[in-house]
Amino acid sequence: MASQAKKRKTNFSEREVEIIVEEMEKQKHILVNHFNAGVTHIAKNSAWMEILKRVNAVSTCQRELAEVKKKWSDLKTEVRRKVAQARAAMEGTGDCTTVPVILTSMQQRICNLLGEATIISLPAAEAGAEIAVPISSAATVTLTQ
């Protein structure tokens with residue numbers, strides 16, 4: 001009895017990721033804040049279902065709630081990893097042969113959502129521009145784009 005293997009869905013498109021980040025920005029007070037004791041699970045589930053509806057409206061395949069939540073988790077993890085790399089480069093604890101840490105505009109938005117107040121991202125004027133990202137009040141890391 002050979003069961004059919006589960007077919008893998010397509011990767012999230014840029015538009016789907018953009019919608020997830022937009023909705024997280026809109027509903028930050030419900031979904032992101034760590035000390036939101038006044039927010040019920042019903043309100044959180046409702047907010048996530050709204051995000052799922054918006055993602056499925058532009059998606060080529062129907063996403064499930066667990067997939068959208070996992071994508072958000074992966075996005076946060078990637079941004080936190082890059083921030084840690086930038087801090088390590090600033091403190092001189094990282095590998096000296098590492099390439100410059102580059103945060104995309106979407107990653108900068110996620111960073112702001114996560115409350116990384118120590119990082120201030122400046123929009124690049126053009127493709128060849130450099131983005132200075134202050135890590136602490138004492139020093140800055142220059143990220144090239």
Side-chain angles (χ1 to χ4, degrees), residues 1-124 126-127 129-136 140-145:
M1 286 190 352
S3 63
Q4 289 189 357
K6 188 173 180 180
K7 186 164 170 51
R8 189 177 163 273
K9 291 187 179 180
T10 59
N11 292 340
F12 277 78
S13 68
E14 285 183 33
R15 182 65 185 136
E16 289 172 302
V17 171
E18 187 177 321
I19 286 174
I20 292 170
V21 174
E22 282 175 6
E23 287 296 316
M24 293 304 286
E25 288 171 337
K26 287 180 190 173
Q27 302 190 43
K28 176 182 179 177
H29 60 285
I30 296 172
L31 297 171
V32 177
N33 291 345
H34 301 288
F35 301 108
N36 50 3
V39 179
T40 64
H41 288 292
I42 295 169
K44 287 183 182 184
N45 288 339
S46 175
W48 275 112
M49 291 306 292
E50 185 61 34
I51 292 171
L52 179 63
K53 284 181 199 174
R54 288 228 26 228
V55 169
N56 280 332
V58 299
S59 180
T60 57
C61 64
Q62 288 297 300
R63 303 286 182 188
E64 295 176 18
L65 184 58
E67 292 174 273
V68 175
K69 285 182 175 183
K70 173 75 167 115
K71 183 61 178 178
W72 173 244
S73 175
D74 292 347
L75 290 168
K76 291 189 304 184
T77 300
E78 182 181 5
V79 167
R80 287 180 176 139
R81 182 184 52 77
K82 284 194 170 189
V83 168
Q85 282 179 337
R87 285 192 178 128
M90 274 303 300
E91 295 166 359
T93 59
D95 183 9
C96 60
T97 61
T98 58
V99 296
V101 179
I102 301 171
L103 289 177
T104 64
S105 61
M106 189 63 65
Q107 290 170 334
Q108 291 170 6
R109 288 171 63 186
I110 294 168
C111 189
N112 292 339
L113 267 170
L114 297 178
E116 293 286 348
T118 57
I119 294 185
I120 301 168
S121 302
L122 303 174
E126 52 193 356
E130 291 185 351
I131 301 174
V133 181
I135 299 300
S136 67
T140 350
V141 171
T142 301
L143 307 177
T144 56
Q145 208 176 25

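Just so it is clear, the values below take in all heavy atoms, side chains as well, and ignore hydrogens, waters and symmetry mates.
Within the 4.5 Å cutoff, the side chain of R54 has no heavy atoms near those of the V58 side chain. Between I20 and F12, some side-chain heavy-atom pair lies under the 4.5 Å cut-off. In this structure, the side chains of W72 and I110 come closer than 4.5 Å at one or more pairs of heavy atoms. At a threshold of 4.5 Å between non-hydrogen side-chain atoms, the residues L113 and V79 do not count as touching. The shortest side-chain heavy-atom distance between Q27 and E50 falls under the 4.5 Å cut-off.
At distances below 3.5 Å, not a single donor-acceptor pair connects side-chain atoms of E78 with backbone N or O atoms of L75. A distance-only check finds a donor-acceptor pair linking the side chain of T77 to the backbone of S73 [under 3.5 Å]. Side-chain N or O atoms of T40 include one that pairs as donor or acceptor with a backbone N or O of A43 at under 3.5 Å. Looking only at distances, a side-chain donor or acceptor of K9 sits under 3.5 Å from a matching main-chain atom of Q62. Proximity of a side-chain donor or acceptor of E18 to a complementary backbone N or O of R15 within less than 3.5 Å is not detected.
Heavy atoms only, all atoms of each residue included: K76 and L114 are closest at CD-CD2, 3.4 Å. Here the closest non-hydrogen pair linking L31 and K44 is CD2-O, 3.8 Å. N11 and R8 get closest at one heavy-atom pair: OD1-NH2, 2.9 Å. The shortest heavy-atom contact between V55 and R63 is CG1-CG, 3.9 Å.
Between H41 atom NE2 and W48 atom CH2 the span is 14.5 Å, to the nearest 0.5 Å. Remark: C111 SG to K82 NZ distance equals 11.5 Å, nearest 0.5 Å. One distance of note links CZ of R109 with CD of E22; it measures 5.5 Å at 0.5 Å rounding. In this structure, N56 CG and E67 CD are separated by 8.5 Å, a value rounded to the nearest 0.5 Å. Taken from CG in L65 to NZ in K69, the straight-line distance is 4.5 Å, to the nearest 0.5 Å. Between I51 atom CD1 and K26 atom NZ the span is 10.0 Å, to the nearest 0.5 Å.
Note on E25 versus K28: no salt bridge recorded, every NZ/NE/NH1/NH2 to OD/OE distance being 4.0 Å or above.
Side chains of E16 and S13: a donor on one and an acceptor on the other come within 3.5 Å.
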